[in-house]
There are 2 protein chains.
Amino acid sequence: MGADTRRATIVDVAAAAGVSTTTVSHVLTGRRPVAAATKARVEAVVADLDYRANASARHLRTERSGILALVVPDLTNPFNSAMAAGLHETVLPSGYLAVVGEAPEPGAPLSGVLRQLLDRGIDGMVLGRFGASEADIDSVAASGTALVRLGGPLGSGRGDVVRANEVQGMFDIVDHLVHRGYRRIAFADGPAGSSPGGERQRGYEQALRDAGLPVRDDLVVHTAYTREGGVRAAEALLAGPGPIDAIACCNDLIAVGVLDVLRARRIGVPGDIAVTGYDDIEAAELMSPALTTVLNPAREIGRTSARMLLDRLDHGYTGPDRETILAHRIVARDSA
Amino acid sequence: MGADTRRATIVDVAAAAGVSTTTVSHVLTGRRPVAAATKARVEAVVADLDYRANASARHLRTERSGILALVVPDLTNPFNSAMAAGLHETVLPSGYLAVVGEAPEPGAPLSGVLRQLLDRGIDGMVLGRFGASEADIDSVAASGTALVRLGGPLGSGRGDVVRANEVQGMFDIVDHLVHRGYRRIAFADGPAGSSPGGERQRGYEQALRDAGLPVRDDLVVHTAYTREGGVRAAEALLAGPGPIDAIACCNDLIAVGVLDVLRARRIGVPGDIAVTGYDDIEAAELMSPALTTVLNPAREIGRTSARMLLDRLDHGYTGPDRETILAHRIVARDSA
DNA sequence: CTGAAAGCGCTTACAG
DNA sequence: CTGAAAGCGCTTACAG
């Protein structure tokens, strides 16, 4: 089909159909009724010439870019790529393109990626869980970009929020540990002040309190959300002030690192120390021992975020900011 | 910081700097020398007004979209998301946006995603390894979009190719099995006729031949590139015509499924049957037994693809199509 | 039910 | 070394 011939424009279509470009445009957008016969004629020409509107021209005129973005700290994290997949599949049928950005330095002031995305005039943005500063969030919100945040407080004018109930999720899995008889439960948290680390820590502490167990600062250690972070956390905890019999980790990647250390030191899991994760990445059930964790429906979070964006962009929703909470589920395997 | 004030345009900058928009444009693009003093003045105003060019307007005028795309069959596959990350990080500093698309039905004629991307006038595209039809590839090439393919034959005018040496990679790992004493080595391939399944199968067969081992059709089974595919492959192989002592899998996900079946049937790995994968996804070393596999540098493949695209788009390369081959590496762990 | 025309914000021959 | 002006391909008041 037409190799290097110039792509048809709306003018070509109008000429071939014997109507004005105005009418062609209205047939295409459906924004004004067009006589059935005219409409049919235009549509035939559109098919014949294989006409498709030039996105740049349309967006210049409508002041929309037709681009949605997801910004996460690490695209390699399976949780994030599953989310990206959910966003893509939901958004494409509506004609949007979804761009995924890795924010290289979480928390850097309006970091490069965010800035570049905003410069592009993206229509909507899903801001992943990481240390985006308040100022950054404000910038995005102020730019008129529809915003969905994955976590953080729901505050008017700062975007919709999609989240799993992080507090409850960590509460449930620590409760699971308590019911299995573990008493000296440490917590390998994400970086101090980060999300979802903060929420998960609250769940951890609440579960201890409800069980009548002491909440001890020296049993909580902060680290990066990575396998290496888990290694450091385990080493710190093992060198800590007293014996522990379980380590609840803030995510699966941290749990992987913790298990590395325990395996290397020949500490039995869950016999000597139980370990739990959070997220249920694919590797969780492949590991030895298989990881007991909390399933966060990543792909569904992506889909839901997409729908909330489309609600505002295409379906005319202009009400107050909304929060959607997705159910989590404890996946009990062998590590706890 | 201007919350909802109208974004500055090139006209605003020109007025404030007391020059024409022509000059502002040239300061911005660097496509024409501008007197140092004038340039400094314009740059000061740009910074002051926080001016950034409207991407849609620029692209409408230049007939470029500034968007690059990566199309893969499954974004959830860690190999693909690592590749996507490499593409992103390389391309963003040059001002391009990278879009990732999941082709829902591999091999469907110019499937929805591909079509939509082409309609957007994307400047370049990386076409992942899956059953894109020849016609599809021709369509992309003919559209004037810079094209990089991940695998497949290098043919002039059909885009650059970035690949690992699949034949050699599978040869090496099957050779590894041979050297460990395995003799009845089966092959759990991807779908018949798919890439990189075909190349890997050739490496498998060559290694057997070089070792003086028979190449038997009934030891090769075709399946999907997924864990479930691996389950089916293992069941077929185990129900097959004769005993086997090793299963070389076409990728890690297949190997995971194979290990599922062997574990369930209490068949020792690698004692009774050795298993190898391909890709070295993160889970490979977390599994039990840890998977012996071939490392394909996914992120580096993404980076290299990006550089080849940028070469044509921004650096004026107009020579013949090129092929870049990246080194692989055998990662020997416990499963073989 | 339909059209003529302005204009979105850029870049780039053309001219001096 | 710099500018006036055309034009990229759309959409949308305005008018009939």
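Proteins come first, then strands; the chains are lettered A, B, ... in the order of their sequence lines, and each starts at number 1.
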Q.
The criterion is salt bridge (Lys or Arg N to Asp or Glu O under 4.0 Å); which residues satisfy it with R61(B), sequence neighbours excluded?
A. none
Q) For dT2(C), does OP1 or OP2 lie under 4.0 Å from any side-chain N or O of T23(A)? A) no
Q) For DNA chain D, what are the stems built from at least three Watson-Crick or G-U pairs in a row, each pair having both distances below 3.5 Å? A) C:1-3 with D:14-16, C:5-12 with D:5-12, C:14-16 with D:1-3
**Q.** Residue whose closest nucleotide on DNA chain D lies nearer the 5' end, L60(B) versus T38(B)
**A.** T38(B)
Q: Grab the NZ-P distance between K39(A) and dT2(C) for me, whole Å please.
A: 12 Å
Q) Looking only at side-chain N and O atoms, does S56(A) come under 4.0 Å of OP1 or OP2 in dC8(D)? A) no
Q: Apply salt bridge (Lys or Arg N to Asp or Glu O under 4.0 Å) to R58(B) and list each qualifying residue two or more places apart in sequence or on a separate chain.
A: none
Q) According to the salt bridge (charged side-chain N to carboxylate O under 4.0 Å, His left out) rule, which pairs have a member within residues 13-36 of chain A, sequence neighbours left out? A) none
Compile the donor-acceptor pairs under 3.5 Å between side chains in residues 34-45 of chain B and protein atoms, sequence neighbours left out, one pair per line.
residue : atom : partner : partner atom : Å
R41(B)  : NH1  : A17(B)  : O            : 2.5

**Q.** Within residues 85-94 of chain A or reaching into it, pairs that qualify as side-chain hydrogen bond (donor to acceptor under 3.5 Å, both in side chains) - sequence neighbours excluded
**A.** E89(A)-R299(A), E89(A)-R303(A)
Q: Would you mind building the protein contact string for nucleotides 10-16 of chain C? One character per nucleotide, 5' to 3', B for base within reach (heavy atoms under 4.0 Å), S for sugar-phosphate only, - for untouched.
A: BBB-B--
Q: Compute whether any side-chain donor of one residue and acceptor of the other, for Y51(A) and T9(A), lie under 3.5 angstrom apart.
A: no
Q | side-chain contact (heavy atoms from CB on, under 4.5 Å) involving S305(B) - partner list, sequence neighbours excluded | A | V126(B), V148(B), L150(B), V162(B), I301(B)
Q.
Tell me every residue that passes salt bridge (Lys or Arg N to Asp or Glu O under 4.0 Å) with R163(A), counting only those two or more places apart in sequence or in another chain.
A. E199(A), E323(A)
